[in-house]
Amino acid sequence: MGSSFSFFSWLSPAPPTPGLGDLPEACAALVLAHLPPQDICKLATLNRAFRAACSADFVWDSKLPSNYTSILHQLLVAQHVVGKKQIYAALSRPTPFDGHNKKAWLDKNTGGLCISVSSKSLSITGIDDRRYWNHISTEESRFDTVAYLQQIWWLEVEGEVDFPFPAGTYTIFFRLQLGRTFKRFGRRLCNSEHVHGWDKKPVRFQLWTADGQRATTQSFLNEPGKWIDYPVGNFVVDKSSKSTKVKFSMTQIDCTHTKGGLCLDSVFICPTGPECRLSRS
């Protein structure tokens, strides 16, 4: 009997080893709450527990800005969006506002608020005179169009944003390119025919806010055929409970020479820091 009992015990299957599939949904949600959004979405594909935990409100609560309701209101996001996961997904998509010439979104890598301002939303001296400026279509712009300067004596571009920024420090950039790019046989080429005058005097970039913050930088424009983000400066938002109004400009008003061959795509605003480079890309 003893040997028979031992033999059948050896044949019986061993009890299953616990795995991730046995992790309670509440525990899975606690793990997800400490991860960045992209990792949360990846883990949601593992099993049913993680997939269910991915929809828990408190998992996404820490990923949303404290004033996300004000941002939703500003962007006129559909009121039927419910649940923190759906709210985060809606805010992660670039959403147009202010006549569809500005877009705002939460960066999926950093979670920071980013805003892009189209050239059509900027006040550009001479923009209605086709001897100086033209709007041209391009796949290289988030707005599918850029302002192209052929030649001018007085360069002056201004714009503003009034938005409920979450508290933090932000950097403003002008996205510019010397020369006009085009494609031929699938290759990207640059026409630098009108590029001139940018090596004589630097372009002046400025920003100022309603609460008195100011910043000024100067840069020579160079490297034809390459989009470059020229920094304007930083501004600080202390309170996210109200809207922050910031103005910015780009000028080169030395009338001793003309300048031309410049593509103006947009103005970009993002949280200051190394992660801002990832947001712009």
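Please read these numbers as outputs of a predicted model, since none were measured by experiment. Just so you know, these numbers use all the heavy atoms, side chains as well, and skip hydrogens, waters and symmetry mates.
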Assigning hydrophobic clusters by single linkage (Ile, Leu, Val, Met, Phe, Trp, Tyr; side-chain heavy-atom cutoff under 4.5 Å), is Val146 placed with Phe174? no

Could you note down all residue pairs passing ring-ring contact (aromatic ring centres under 6.0 Å, His included) where residues 139-164 supplies at least one of them, sequence neighbours left out? Phe97-Phe163, Phe163-Phe165

So Asp107 and Cys114, do their side chains get closer than 4.5 Å, heavy atoms only? yes

Rounded to the nearest 0.5 Å, what separation is found between the OG1 atom of Thr216 and the CD atom of Gln206? 4.0 Å

Between Phe205 and Phe248, is the gap from one ring center to the other below 6.0 Å? no

Test item: Ile87 and Leu72 side chains (from C-beta on) under 4.5 Å apart, heavy atoms: yes

Partners of Lys245 by salt bridge (Lys or Arg N to Asp or Glu O under 4.0 Å), sequence neighbours excluded? Glu160

Indicate yes or no for a side-chain donor-acceptor contact from Lys103 to the backbone of Arg142 under 3.5 Å, with no hydrogens or angles considered. yes

Quick check: do Glu139 and Lys183 have side-chain heavy atoms less than 4.5 Å from each other? yes

Flag the pair Pro65 / Leu106 as yes when at least one side-chain heavy-atom distance between them is below 4.5 Å, and no otherwise. yes

Cation-pi check, Arg175 to Trp227: give yes when NZ or CZ is under 6.0 Å from the six-membered ring centre and within 45° of the ring axis, no otherwise. yes

Which of Gln150, His196, Lys200 passes side chain to side chain donor-acceptor pair (under 3.5 Å) with Thr258? It is His196

Hey, does Leu262 have a side-chain heavy atom less than 4.5 Å from the side chain of Leu221? yes

Set of salt bridge (Lys or Arg N to Asp or Glu O under 4.0 Å) partners for Arg204, sequence neighbours left out: none

Counting only heavy atoms not in His100, do more than 12 sit closer than 6.0 Å to its NE2 atom? no

Residue pairs meeting salt bridge (charged side-chain N to carboxylate O under 4.0 Å, His left out), one or both in residues 53-64, sequence neighbours left out, come to Asp61-Lys84

Is it true that Leu176 and Trp198 fall in one hydrophobic cluster, defined by side-chain heavy atoms closer than 4.5 Å? yes

Short side-chain donor-acceptor distance under 3.5 Å, Asn234 and Thr169: no

Contacts satisfying salt bridge (charged side-chain N to carboxylate O under 4.0 Å, His left out) that involve residues 212-226 (not counting sequence neighbours) are Glu223-Lys226

ILVMFWY cluster, Ile127 and Leu122 together (side-chain gap under 4.5 Å): yes

Is it possible for you to say whether Tyr230 and Phe235 belong to one hydrophobic cluster, with membership spreading through side-chain heavy-atom contacts below 4.5 Å? yes

With sequence neighbours left out, the residues meeting side-chain contact (heavy atoms from CB on, under 4.5 Å) with Ser192 are Cys190, Val195, Pro224

What salt bridge (charged side-chain N to carboxylate O under 4.0 Å, His left out) pairs are there with at least one residue in residues 113-132, not counting sequence neighbours? Asp129-Arg131

Check: Leu155 and Thr251 side chains under 4.5 Å, non-hydrogen atoms: no

Thr272 versus Thr171, side-chain donor and acceptor atoms under 3.5 Å: yes

Can you confirm whether Ile115 sits close enough to Tyr170 that some side-chain heavy atom of one is under 4.5 Å from a side-chain heavy atom of the other? no

By ring-ring contact (aromatic ring centres under 6.0 Å, His included), which residues pair with Phe182, not counting sequence neighbours? none

List for me each residue that meets ring-ring contact (aromatic ring centres under 6.0 Å, His included) alongside Trp60, sequence neighbours excluded, and say none if there are none. Tyr88

So do Leu91 and Leu64 actually touch side chain to side chain, heavy atoms under 4.5 Å? yes

Can you tell me which residue pairs pass the salt bridge (charged side-chain N to carboxylate O under 4.0 Å, His left out) test with a partner in residues 250-264, sequence neighbours excluded? Lys201-Asp254

Let me check something: do Ile124 and Val203 share a hydrophobic cluster, defined by ILVMFWY side-chain heavy atoms less than 4.5 Å apart, either directly or through other members? yes

Using links of under 4.5 Å between side-chain heavy atoms of ILVMFWY residues, direct or through other members, which residues join Phe185 in one cluster? none

Partner set under salt bridge (Lys or Arg N to Asp or Glu O under 4.0 Å) for Glu140, not counting sequence neighbours: Arg188

